[in-house]
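In what follows, a single structure is set out as structure tokens and then discussed.
The basis for the numbers below is simple: all heavy atoms, side chains too, and nothing from hydrogens, waters or symmetry mates. Letters go in sequence order (proteins before strands), and every chain restarts at 1. Predicted model only: the values in this text are computed from it and were never measured.
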Amino acid sequence: MMINLKKIQYQISKKTILDNINLNIQDGKTTIIMGKNGSGKSTLLKLLNQIIKPSSGFFESNLSKPVPMLFQKPLILQNSVIYNYQILKQIKKHQINHSWFEKFNLLNLSNQKMISLSEGEKQKIFISRIMSFDQSQLFLDEPNQSLDLQSEKLLIDLLMKEKKEKTIVMTLHDFEIAKKIGDYFIYLENGKILVQDKYENFFKKFPL
Amino acid sequence: MLDTSKVFEAIIISLHVSFVSTLFAFSISIFFGYLIATKKFILKRYIVSILGSLTSIPPVCAGLIVYLIISRSGPLGWMELLYTPSAMIIAQFIIIFPIMVTLIINYIEREYPQLRDELISYGASQKDILFLLVTNQKGIYLTTLLIGFGRAVSEYGAAAIVGGSIDHVTRNMTAMIALETAKGNILIGVTLGAILISISLIISFGINYFKNDD
């Protein structure tokens, strides 16, 4: 077990965003959180990564603090693409792993200004930025958003390799991608878990 | 006849007073803007509302308030600030501080939650977050500086009340324009107006150059 949640509730200004969440995130597995817009997926991901604290309930994690996470609206640091890496090195004091940067073929964008890039290019930079931390736990909020089909396929291939040695928790809208990558699935509706199960059982309970 | 030495003097007085008041207001605005936007405390909503309302304070009223405080019979009369450039700086500060701090609060309130969440996940300290909050959108701060300076350098009423338009001491460009026009020297007034507009434009272009250099 990596993260354990029991009867978790999360409220903002008296509005319940997550309610009665009971969940186990398994070490070394890929967990996919799905659900409609506004169902609480991003909030649950932030809660699992300890960016936000639950309003009530039991929370246990073997991570002592948050790990670098891909947000749905990632932070755009102005200036050049390469600055986005260098500044994080300064903050985290980590050795930058450039492999995803190279795999996404972003080297030719190094000196370009972030503002001049397309949404898809930015997304690839945000994903590579998170992967540059080379951590063993990944929290990814809709990593495939804005990507073209070719880049999406590359992302899936790369994640398939990563999942062998990492614990991944991510939100997704695309059931086909989820089926390829996921080991364990959660479906949220109005802040509550509607279905959660392993691959084989989830899609039986949740026929599409 | 236009006395060029007097014009230069007025330009120097205008720039000196406006630069100091703008930089002073900007520094305080960043400090309070950050505190107000990022902390939760009682009366926060009211403070933000009051600052928002003060953005439209009539300069003459700001001048009058400063006058009452620093005049001989006022609480700070003993400091003998009336009719000095310092009095003009204080009056301009009162006019531009609410504008600058409100702009900075709005920017930080909008950017901070997202920036904080992501940077916390990277293990950033509060110092790192503040650094990136300031450096990531230099354009916002340069625009705030420009708006503050523009308001300060073009202001007449407050500076005239507390500065007194004293020749060689507190007669800035706007005071000189008003004086020459009142004397019927329209051409001199227009020339001085053109010089003031040119100076403002040069400074705006300079700031915009840095802004676009992000």
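- What you find for A:Arg129 and B:Tyr122 is that their closest heavy atoms are NE-OH, 3.4 Å.
- Annotation for A:Lys122: atom NZ counts as buried by contact number, over 12 foreign heavy atoms lying within 6.0 Å.
- Around the CZ atom of A:Phe58, the shell of radius 6.0 Å holds more than 12 heavy atoms that belong to other residues, nucleotides or ligands.
- Per-residue counts of heavy-atom pairs under 4.5 Å with chain B were compared for A:Gln50, A:Gln135, A:Lys73; the largest is that of A:Lys73.
- Within the 4.5 angstrom heavy-atom criterion, only side-chain atoms of B:Asp128, from C-beta onward, approach chain A.
- A 6.0 Å sphere centred on CZ of B:Phe41 holds more than 12 heavy atoms belonging to other residues, nucleotides or ligands.
- More than 12 heavy atoms of other shown residues, nucleotides or ligands fall within 6.0 angstrom of atom CG in A:Asn20.
- We find the CD1-NZ distance between B:Ile120 and A:Lys46 to be 10.5 Å, quoted to the nearest 0.5 Å.
- Proximity to chain A (any heavy atom under 4.5 Å) is shown, for B:Glu118, by both the backbone and the side chain.
- Residues B:Thr135 and A:Leu77 fail the side-chain proximity criterion, which asks for heavy atoms closer than 4.5 Å.
- Looking at A:Ile52, there are no atoms closer than 4.5 Å to chain B (heavy atoms on both sides), in backbone or side chain.
- Taken from OG in B:Ser121 to CZ in A:Phe139, the straight-line distance is 10.0 Å, to the nearest 0.5 Å.
- The neighbour count for B:Phe24 CZ, taken as heavy atoms of other residues, nucleotides or ligands under 6.0 Å away, does not exceed 12.
- When the shell of 6.0 Å around NZ of A:Lys103 is examined, it contains more than 12 heavy atoms from other residues, nucleotides or ligands.
- For the atom pair A:Ile91 CD1 and B:Phe131 CZ, the distance stands at 8.5 Å (nearest 0.5 Å).
- Atom CG of A:Leu75 and atom CG of B:Asn136 lie 6.0 Å apart (nearest 0.5 Å).
- B:Phe32 CZ: 12 or fewer foreign heavy atoms inside a 6.0 Å radius.
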